[in-house]
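These notes concern the structure reproduced below.
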Amino acid sequence: MLLQSVSLSVLAQDQKQYPEKDLNDYLFGSNRKSARNQTDSFVPRKLYTSVLPIPGYNPALGFVIGGGISTSFLSGHASSTHRSNILANATVTTRNQFNFNARNLVYLKDDQWILQGDWRWLIFSQPTYGLGINFNNRFRPRAKEQPMKFNYIRFYQTLYKKIYGPLYAGVGINIDRHYNIVDELLDTSSATPFITAHYEYSKLNNIRQDQYASVGLSFHFLFDNRDNAVNPRKGQYALMSFRVNNEVFGSTRSHNTLYYEFRTYWNPAKHLKRPHIIGFWTMGQFVVSGKQPYLEMPGISWDMYNRTGRGYVQGRIRGENMWYGEAEYRFPITKNGFLGGVAFLNLTTATNEAKQQKLADEFAAGYGLGLRIKMSKKTNTNIGLDFGIGRDGSSGIYVNLLETF
């Protein structure tokens, strides 16, 4: 009893001496009222918004300037409804790129329905490196960078209906369209022609090279019992999707794909006020039938929130089929929760059917460290600053709102 009383007294003193702080507290100051309200529950249908300027650098984009906004809210009572989140950002880069991205994850009252969407419009340039895992080893030389320009529209929107507890079934509309494609190194007419990976794959599979689209319907099963979709501390997220892309819908080539994703979170030190979280994340996309256009195949950092493959430039790894796995350790740095850190390790493998490279024939690993800055203690939203290292000297700095997964 004495030990229990002492531990409770120490915890109470710790909470009193180190109230949670976020960026607004340091920028605009905090008072007793705001400190007292930090543990209040969300008010249903009230918006809790964070705005973030986006200056930065990315190997795929050059120097970046723009802005992002993250909005969280409750559609129903906190005891029966998860927090919803809408995230949008727009940026321009020194490589004459324009990027607009909007993602939504909306839980309607009592979690009876879920809306999940990924909308994008890009005026873009990005190199490709061929299909599969192409790095220096004893079997093959490192892949040559092949610059491309293209415009891209993505519209994914899915509606889920609760079946039982955290299990849902859903149907979605999925549109990918690449147009104004310029394969900059392609040369088929000179005395020393250069055949790019994009051209070679497209000719082999009878797909036009200046524009193409994949349009279809998707069917989903979702399990989600995470405590908070913005920054989970416990629970699991599991998704299985089957997408039907048909020429009848407007696809350039008919093909069907299967996608899965799984995330889980564990707090090994539950007695501590500031959590230490270990998270695991894996996903895979596989062609069931038909052929996908080149740029619409799965690639590193082309997932919903552009978070896969820290340590590599976007699009560095691409394939007809791809598997990805990551582990991350999240830990507090300051006692008031304002600063935190992460350490991560990821693995990727992809196929190149023409060269008979299969899944798990070879892997690309990435690893690194990151800093977390508490932007909103109410929504538990962080600004993420990560540095990742990959194979053959690949590296990158990544700036994001929300956690990687």
Side-chain angles (χ1 to χ4, degrees), residues 13-58 61 63-74 78 83-94 99-105 227-233 272-277 305-307 310 328 330-343 368-387 397-405:
Q13 290 178 11
D14 182 67
Q15 290 174 335
K16 182 178 180 180
Q17 293 175 4
Y18 303 105
E20 190 169 8
K21 289 185 178 292
D22 59 18
L23 192 60
N24 286 326
D25 291 328
Y26 284 102
L27 291 177
F28 306 111
S30 59
N31 52 45
R32 293 182 65 186
K33 181 179 179 181
S34 64
R36 195 165 56 245
N37 287 341
Q38 70 186 10
T39 57
D40 290 349
S41 60
F42 268 47
V43 177
R45 291 171 291 281
K46 180 179 178 180
L47 299 180
Y48 297 86
T49 301
S50 301
V51 179
L52 175 69
I54 306 177
Y57 175 82
N58 185 299
L61 308 177
F63 289 96
V64 179
I65 188 70
I69 183 170
S70 175
T71 297
S72 294
F73 58 92
L74 276 175
R83 298 177 193 176
S84 299
N85 180 259
I86 298 174
L87 177 67
N89 63 71
T91 60
V92 293
T93 78
T94 53
N99 305 271
F100 172 77
N101 304 274
R103 286 93 172 192
N104 59 76
L105 180 59
D227 60 332
N228 178 1
V230 172
N231 189 352
R233 295 181 176 180
L272 297 178
K273 181 185 176 184
R274 305 298 176 196
H276 292 245
I277 304 298
Y305 289 98
N306 303 117
R307 303 295 167 82
R310 283 176 291 180
E328 184 175 83
R330 305 170 185 174
F331 54 91
I333 295 177
T334 60
K335 292 183 178 181
N336 63 6
F338 178 63
L339 294 179
V342 302
L369 298 171
L371 178 69
R372 295 294 177 267
I373 303 170
K374 184 73 68 181
M375 188 157 195
S376 171
K377 61 194 176 190
K378 193 76 174 180
T379 62
N380 207 20
T381 300
N382 290 330
I383 302 169
L385 303 170
D386 297 331
F387 176 70
I397 298 172
Y398 309 86
V399 182
N400 292 304
L401 271 175
L402 309 183
E403 297 307 306
T404 298
F405 63 94

Are any non-hydrogen side-chain atoms of [X] and [Y] less than 4.5 angstrom apart?
{"X": "N380", "Y": "K374", "value": "yes"}
{"X": "I333", "Y": "L371", "value": "yes"}
{"X": "T404", "Y": "Y398", "value": "no"}
{"X": "I86", "Y": "F73", "value": "yes"}
{"X": "N231", "Y": "T381", "value": "no"}
{"X": "I373", "Y": "F338", "value": "yes"}

How far apart are the closest heavy atoms of [X] and [Y], and which atoms are they?
{"X": "L105", "Y": "A229", "answer": "CD2-CB, 3.6 Å"}
{"X": "S50", "Y": "S376", "answer": "OG-CB, 3.6 Å"}
{"X": "F405", "Y": "R330", "answer": "O-NH2, 2.6 Å"}
{"X": "S72", "Y": "V230", "answer": "OG-CG2, 3.7 Å"}
{"X": "V43", "Y": "Y48", "answer": "N-OH, 3.0 Å"}
{"X": "R307", "Y": "E403", "answer": "NH1-O, 2.7 Å"}

Nearest 0.5 angstrom please: [X] [atom1] to [Y] [atom2], how far?
{"X": "N336", "Y": "E20", "atom1": "CG", "atom2": "CD", "value": "8.0 Å"}
{"X": "K377", "Y": "M375", "atom1": "NZ", "atom2": "CE", "value": "14.0 Å"}
{"X": "L402", "Y": "I383", "atom1": "CG", "atom2": "CD1", "value": "10.5 Å"}
{"X": "L47", "Y": "T379", "atom1": "CG", "atom2": "OG1", "value": "12.0 Å"}
{"X": "K378", "Y": "K46", "atom1": "NZ", "atom2": "NZ", "value": "7.0 Å"}
{"X": "F331", "Y": "I277", "atom1": "CZ", "atom2": "CD1", "value": "13.0 Å"}

Do S70 and N85 have a side chain donor and acceptor closer than 3.5 Å? yes
Kindly indicate, with the supporting measurements, whether the criterion side-chain contact (heavy atoms from CB on, under 4.5 Å) is fulfilled by L385 and I397. CA-CA 7 Å; L385 303 170; I397 298 172; over 6 Å; no
Any donor-acceptor pair under 3.5 Å linking the side chain of D22 with the backbone of D25? yes
R274 (side chain) donor-acceptor with K335 (main chain) under 3.5 angstrom: yes
Could D386 and R372 be called an ion pair, given the rule that one side-chain N must be under 4.0 Å from one carboxylate O? yes
Just do the side-chain contact (heavy atoms from CB on, under 4.5 Å) check on R233 and N228 with the steps written out, would you? CA-CA 7 Å; R233 295 181 176 180; N228 178 1; over 6 Å; no
With N89, which residues qualify under side chain to side chain contact (heavy atoms under 4.5 Å, CB included), at least two apart? I54, N101, R103
